[in-house]
Amino acid sequence: MEAAELRVGFVGAGRMAGGMARGLLRAGKVPAGSILASAPSDRNLDAWREIRPAVGPHHVVVSLAAGVTLQKLQRLLPAGTKVLRLMPNLPCVVQAGAMVFARGSGASDEDAALLRNLLTSCGLCEEVPESYIDIHTGLSGSGVAYVYLFAEALAEGAVKMGMPGALASRIAAQTLLGAAKVMLETGEHPAKLRGDVCTPGGTTIHALHQLEKGALRATVMSAVEAATQRARDVGED
C-alpha cells in the first residue's frame, strides 16, 4: 500500500498513541489527514464490543492492550478479522522504541509486513510468538524504568564526588545512549564489550567489583522475571 492509501485510527489518545502518530508523520508513512483517534471513557473490553460493527475485512486491527490475548480479541471481533497484538515501550514517543508484535490467525504475511514497515519509524520492531510479549514487557516495557533508576544512580554517584547534578544527568544519559548504540551497531555480546573497557588494575574493574558485590546482575534478572510474571498474571485475570 502507498502511504496515501492508508488510514490509521487509534482507540485511545494517550502518550503512546501520540508518539506513534508522530513517528508515522515524521517518516512520511501516513499523511496527517489520515490519522484518527478516539478517547474512550473506560478501559475495559466493552470498547472492543463497541467498535465491532465498524470492523470489516479490509481493516487491520492492532491491539496495544496489555494482557488481552489474540484469542480474546478474535472472539470479540468479527470472524476472520485481521488482528495483530503489539507491545511498544515509552521511547516510541521519541521514535527510539523497542516493539514486538504477534499476529492472529486472520493476519497474513502482508499484514505483518505492513505493520513492521509502518513501525520502523518508531524504533526497533520484531515479530515474535505471542508468548514472548509478556517477556518483552518485563525486559523492555518495564525495563525502561530500570534504566532510569540506573541513570539516576550513576548521576548521583557523580554528584557525591563533586559534579553538578544537571551536568551529571546529561553525561549519564549520553553514556547510556552511546553504550546502547555500540551494542546495536557492532552486534557484539555485552560481556565482550564490557571486557573491552576493562584494563588490568584499572578504574573499571574496581568499579565492576563493587557492582558484583551488590549483585546487580541477579537483581536485574529478578526484576525482569517479576515484571514478566506480573504481565502473565494480568492476562489471566
Side-chain angles (χ1 to χ4, degrees), residues 10 12 14-24 26-27 29 43 62-70 73 83-104 112-113 115-155 169 172-194 211 215-237:
F10 292 94
R15 183 185 300 176
M16 195 64 70
M20 297 182 79
R22 281 193 297 275
L24 298 179
R26 287 178 183 175
K29 300 283 188 182
R43 298 184 180 185
V62 182
S63 170
L64 279 67
V68 182
T69 65
L70 287 167
L73 292 167
V83 183
L84 299 102
R85 184 179 170 199
L86 172 70
M87 188 53 62
N89 69 345
L90 182 63
C92 287
V93 303
V94 291
Q95 288 72 60
M99 299 158 283
V100 298
F101 72 91
R103 65 174 108 163
L115 181 62
R116 188 184 292 107
N117 180 52
L118 282 173
L119 294 180
T120 50
S121 59
C122 296
L124 177 72
C125 184
E126 301 274 356
E127 181 173 5
V128 298
E130 188 177 18
S131 60
Y132 291 7
I133 288 181
D134 289 336
I135 303 173
H136 174 77
T137 299
L139 168 64
S140 189
S142 298
V144 173
Y146 321 155
V147 175
Y148 289 145
L149 188 65
F150 184 68
E152 181 184 14
L154 273 181
S169 290
Q174 185 65 35
T175 301
L176 294 172
L177 179 66
K181 191 171 183 183
V182 170
M183 263 184 77
L184 287 170
E185 293 191 0
T186 65
E188 295 278 10
H189 193 284
K192 160 63 163 71
L193 296 171
R194 175 175 53 78
L211 292 174
L216 177 72
R217 285 191 289 182
T219 302
V220 173
M221 289 171 67
S222 295
V224 174
E225 180 182 10
T228 300
Q229 189 56 54
R230 177 58 186 153
R232 289 174 176 166
D233 291 344
V234 168
E236 291 169 3
D237 287 346

**Report entry** Contact check, side chains of Val62 and Phe101, non-hydrogen atoms, under 4.5 Å
**Finding:** no
Requested in this report: Check whether more than 12 heavy atoms from other residues, nucleotides or ligands sit under 6.0 Å from atom OH of Tyr146, and answer yes or no.
Outcome: yes
Query raised in the report: Do the side chains of Phe150 and Leu176 get nearer than 4.5 Å, heavy atoms only?
Result: yes
Query raised in the report: So, the side chain of Gln95 versus the backbone of Gly19: is there a donor-acceptor pair under 3.5 Å, distance only?
Result: yes
Query raised in the report: Minimum heavy-atom separation for Ala102 to Pro129, with atom names?
Result: CB-C, 4.2 Å
Query - Heavy-atom side-chain proximity of Met20 to Leu64 below 4.5 angstrom - result: yes
**Report entry** Heavy-atom closest contact (Gly67 atom, Val234 atom, distance)
**Finding:** CA-CG1, 4.3 Å
Report task. Report yes if the side chains of Glu188 and Val182 come closer than 4.5 Å at any heavy-atom pair, otherwise no. Result -> no
Query raised in the report: Can you find a pair of side-chain heavy atoms, one from Pro190 and one from Met183, that are under 4.5 Å apart?
Result: yes
Only pairs under 3.5 Å count here: list side-chain donor-acceptor contacts from residues 83-91, not counting sequence neighbours, and write none if there are none.
| from | atom 1 | to | atom 2 | distance (Å) |
| --- | --- | --- | --- | --- |
| Arg85 | NE | Val68 | O | 3.3 |
| Arg85 | NH1 | Glu130 | OE2 | 3.0 |
| Asn89 | OD1 | Ala98 | N | 2.9 |
| Asn89 | ND2 | Ser140 | OG | 3.0 |

Report task. Quick one: closest heavy-atom pair of Ala172 and Ala151, and the distance? Result -> CB-O, 3.9 Å
Query raised in the report: Can you find a pair of side-chain heavy atoms, one from Glu126 and one from Tyr132, that are under 4.5 Å apart?
Result: no
**Report entry** Side-chain heavy-atom pair Lys29, Thr120 within 4.5 angstrom cut-off
**Finding:** yes
Query raised in the report: If every non-hydrogen atom of Thr228 is compared with every non-hydrogen atom of Gly138, which pair is closest and at what distance?
Result: OG1-CA, 3.7 Å
Report summary line: CD of Glu127 to CZ of Arg103, rounded to nearest 0.5 Å, is 4.0 Å
Query - From CG (Leu124) to CZ (Arg116), nearest 0.5 Å - result: 10.5 Å
**Report entry** Spacing of Arg230 atom CZ and Asp134 atom CG [to the nearest 0.5 Å]
**Finding:** 11.5 Å
Requested in this report: May I ask you to decide if Ala155's main-chain N or O and Ser169's side chain share a donor-acceptor pair within less than 3.5 Å?
Outcome: no
**Report entry** Leu139 versus Val224, closest heavy-atom pair with distance
**Finding:** N-CG1, 4.1 Å
Requested in this report: Measure the spacing between CZ of Arg217 and CG of Leu211 and express it to the nearest 0.5 Å.
Outcome: 10.0 Å
Query raised in the report: Rounded to the nearest 0.5 Å, how far does CZ of Arg232 lie from OG of Ser131?
Result: 8.0 Å
Query raised in the report: Can you tell me how far the CE atom of Met16 sits from the SG atom of Cys92, to the nearest 0.5 Å?
Result: 5.5 Å
